[in-house]
Amino acid sequence: MTVHAPLPPASGTMDVDEFMAFLQTRPDGERWDLIEGVAVVMAPASYAHQRITYNLCSLLNGAFATRQLDLFAYFDAGVRSPGVRNFQPQPDVVVVPGVAGHNYYSEQFQLAGEVLSPTNTRAEIDLKLRRYREAPDNHYVVVIEPREFLVLIYARSRDWEPLTLTDADGRIEMPEFGLTCRVVDLYRGTPLDPQRK
């Protein structure tokens, strides 16, 4: 995993309303997260990063359609936790129930997925993981390393204990969503895809 060494915890004073106003001043194409009251710019995603994000969304949406679940997996959509005013990130993948509205974030998300980038710090990821696990409707947090077969799955049903998958043929199972796939399915179309070698 290429998460950098921990940094001292940062705590700012920006709340979600100030963050939304701040975003209006930024150029199109920038991606920002609000983490513990600090606005943090996200590095541009590589093509492999984007492909893994797409693959996870496609697998989830296929499972939802098969089971006729009123859920949809979005990429780069904002989330909030009820009552938490200093946290509004955009996970790479978010599962949200119901009809797509005109809002910019959801408090009812049921999965948050992060594909790691070289600029992610351990402190940043740890803060996000904590907040995602605290969200009352969330079932899963998924962390994916794009440069090697490494998928961490945190599930509410397992008291948020991580399941670490490092084998291409490792099974990913999310029974609440009807999803069963292999680790390699997340990496299709990337340099780790054995069909590309």
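Below, each value reflects all heavy atoms present in this structure, side chains not excepted, and no hydrogens, waters or symmetry copies. Owing to the predicted nature of the structure, the values given are computational and were not obtained by experimental measurement.
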Would you indicate whether the side-chain heavy atoms of [Y] and [X] approach each other to under 4.5 Å?
X	Y	result
Val142	Leu152	no
Gln110	Leu71	yes
Tyr74	Val93	no
Arg67	Phe177	no
Pro97	Asp70	no
Val79	Tyr132	yes
His49	Asp92	yes
Arg31	Asp76	yes

- Message: side chain to side chain contact (heavy atoms under 4.5 Å, CB included) for Ile172 and Thr180? Distances and angles first, verdict last.
- Response: CA-CA 6 Å; Ile172 296 172; Thr180 300; over 6 Å; no
Could you state the interatomic distance from [atom1] ([X]) to [atom2] ([Y]), rounded to the nearest 0.5 Å?
X	Y	atom1	atom2	result
Leu127	Asn86	CG	CG	9.5 Å
Arg51	Asp193	CZ	CG	7.5 Å
Gln88	Asp33	CD	CG	9.0 Å
Leu179	Leu59	CG	CG	6.0 Å

- Message: Please determine whether ring pair (Phe, Tyr, Trp, His ring centres under 6.0 Å) holds for the pair Tyr187 and Phe149, giving the CA-CA distance in whole Å, both sets of side-chain angles, and the decisive distance to 0.1 Å.
- Response: CA-CA 8 Å; Tyr187 293 86; Phe149 291 122; 4.9 Å; yes
Is it true that [X] and [Y] fall in one hydrophobic cluster, defined by side-chain heavy atoms closer than 4.5 Å?
X	Y	result
Ile52	Tyr54	no
Val96	Phe75	no
Met14	Tyr104	yes
Val84	Trp160	yes
Val94	Leu129	yes

- Task: For the residue pair Tyr105 and Gln90, confirm or rule out a side-chain donor-acceptor distance under 3.5 Å.
- Result: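 No donor-acceptor contact under 3.5 Å links the two side chains.
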- Message: Assess, by modelled atom type and distance only, whether the side chains of Glu176 and Tyr140 contain a donor and an acceptor separated by less than 3.5 Å.
- Response: yes
Identify every side-chain donor-acceptor pair in residues 16-27 under 3.5 Å, counting partners at least two apart or on other chains, and give the distances.
from, atom 1, to, atom 2, distance (Å)
Asp17, OD2, Arg85, NH2, 2.6
Glu18, OE1, Asp15, N, 2.8
Thr25, OG1, Phe22, O, 2.6
Arg26, NE, Glu30, OE1, 2.8
Arg26, NH2, Glu30, OE1, 3.2
Arg26, NH2, Glu30, OE2, 3.0

Testing the basics here: between [X] and [Y], what is the closest heavy-atom pair and its distance to 0.1 Å?
X	Y	answer
Ala63	Gly178	CB-O, 3.7 Å
Ala43	Thr119	CB-OG1, 3.4 Å
Val38	Gly12	CG2-N, 3.5 Å
Ala73	Val95	CB-CG2, 4.1 Å

Does [Y] offer a backbone N or O that forms a donor-acceptor pair with the side chain of [X] under 3.5 Å?
X	Y	value
Glu145	Arg147	yes
Asn55	Arg188	yes
Ser117	Asn120	no

- When you check the gap from the basic side-chain N to the acidic O, do Glu161 and Arg158 get nearer than 4.0 Å? no
- Would you call Asp185 and Arg171 a salt bridge, taking side-chain N to carboxylate O under 4.0 Å as the test? no
- Does a sphere of radius 6.0 Å around CZ in Phe72 hold more than 12 heavy atoms from other residues, nucleotides or ligands, not counting ones at 6.0 Å or beyond? yes
Acceptor/donor pairs from residues 162-170 side chains to any protein atom, 3.5 angstrom cut, sequence neighbours excluded:
from, atom 1, to, atom 2, distance (Å)
Asp167, OD1, Asp169, N, 2.8
Asp169, OD1, Arg182, NH1, 2.4

- Query: Pick one: which of Lys128, Arg122, Arg130 meets side-chain contact (heavy atoms from CB on, under 4.5 Å) with Asp126?
  - Reply: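 So the option named by the test is Arg122.
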- Query: side-chain contact (heavy atoms from CB on, under 4.5 Å) with Tyr47: which residues, sequence neighbours excluded?
  - Reply: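 With sequence neighbours excluded, Tyr47 shows a side-chain contact (heavy atoms from CB on, under 4.5 Å) to no residue whatsoever.
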- Message: Does Arg133 qualify as a cation-pi partner of Tyr154, given the criterion of NZ or CZ under 6.0 Å from the six-membered ring centre and within 45 degrees of its axis?
- Response: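 Cation-pi check for Arg133 and Tyr154: passes.
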- Please walk me through it: do Val143 and Val151 pass side chain to side chain contact (heavy atoms under 4.5 Å, CB included)? CA-CA 6 Å; Val143 179; Val151 179; over 6 Å; no
